[in-house]
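Counting starts at 1 for both ligands and their atoms, following the listed order. In what follows, every heavy atom counts, from backbone to side chain, and hydrogens, waters and symmetry copies are set aside. On a predicted model such as this, the values are computed, not experimentally measured, just so you know.
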Amino acid sequence: MAQNVPLVLRLIASSVTAATRAGKIIRDIMSRGELGIVEKGKNDLQTEADRSAERCLMASLSQQYPNLTIIGEEGGSHCEVPSDWIVTDCDHNVLSQQCPLEYIDISNNDVVVWIDPLDGTAEYTQGLLDHVTVLVGISVKGKAVGGVIHQPYYNYQSVSSELMGRTLWGLVGLGIGGFQREDPPSDRLILTTTRSHSNTMVNTTLDAFKPDEVLRVGGAGHKVLLLMEGKAHAYIFPSKGCKKWDTCAPEAVLTAIGGKLTDIHGNAYEYHKGVEHPNLRGVLATARGVDHSSFVKKIPREVCDALS
Ligand SMILES: *[C@@H]1O[C@H](CO)[C@@H](O)[C@H](O)[C@H]1NC(C)=O
Ligand SMILES: *[C@@H]1O[C@H](CO)[C@@H](O)[C@H](O)[C@H]1NC(C)=O
């Protein structure tokens, strides 16, 4: 591998191929039809696809970066994985990019990789396949700066399985690849929020914005994709249910194209090694060109107090 390329770029380049491989595993398990669903907690499912995709990502990245802190949603054990699940080649387009100066000299100790092998598990089991993403987020000194979002079922209703799926990446200060950004409409307000974890506080908050439309979809990765595709202006989740591995990659990619993701008070989350995993103060993300602070101001007072 190109050892002279800075660590952050190499990591993104490796994550693009590993996430794409994990996506193939997710599709293969679905087509075999044996999902192996277990309930981790209330409203919290895990399938054979979550477990296998995580083992693929963990094994592929830790083989190439043995001293790096990698945190995965499923707490991935380091047991044996089939050799064809370990991919160590890199995306050459990413490797050929110019690394922003601020990331040239970072070392292993500054980096934490956050993996959600299958974001949108409930939707995966229910056949809402385009809600599913594979997320690899890269934090440097506690900030979400790099990310890969792989959507294994992108275009699944219109193309054959070899052409299905897409992988996009972003690095703050550099930009994004694998994706064409669009702006949301200017004459109406579209919000996106949780599909499976709705509650009164979520509904109260959405009502305060008087939206023209609310898209209730699964997955943090998928919701941020909607912001980048111009299909929604803001992603609002005033609840504690989402974790650092759900938001690290989406935050980095969204920030890289000029959007923003914070807690509902407008404050950034930290992604260093010792941080608590739940995003206890909710999630508020806005598309590029949308005034984030005006959304923060409209969150109802009682909701802010409940998530302080
Ligand atoms: C990992 O850390 C060990 C012990 O500090 C060191 O000997 C080794 O060279 C490191 N490996 C890499 C690939 O950085
Ligand atoms: C929130 O609003 C949605 C859509 O109107 C509705 O289906 C759901 O039952 C509401 N949830 C609660 C807890 O009120």
Check this for me, if you would: do Asp212 and Arg188 make a salt bridge, where the nitrogen-to-carboxylate-oxygen distance has to be below 4.0 angstrom?
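Not counted as a salt bridge, because no side-chain N and carboxylate O are separated by less than 4.0 Å.
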Would you call Lys243 and Asp116 a salt bridge, using N to O less than 4.0 angstrom?
no
Criterion salt bridge (Lys or Arg N to Asp or Glu O under 4.0 Å) against Glu229, the qualifying member of Arg166, Arg181, Arg288
Arg166
Neighbouring residues of ligand 2, heavy-atom cut-off under 4.0 Å:
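Ligand 2 is contacted, at a heavy-atom distance under 4.0 Å, by Ser198, Asn199, Thr200, Asn203, Arg216.
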CG of Asp305: more than 12 outside heavy atoms within 6.0 angstrom?
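Above 12, so yes.
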Within a reach of under 6.0 Å around CD of Glu182, are more than 12 heavy atoms found that belong to other residues, nucleotides or ligands?
no
Geometric class of the Trp114/Trp245 ring pair [parallel <30°, tilted 30-60°, perpendicular >60°]
tilted
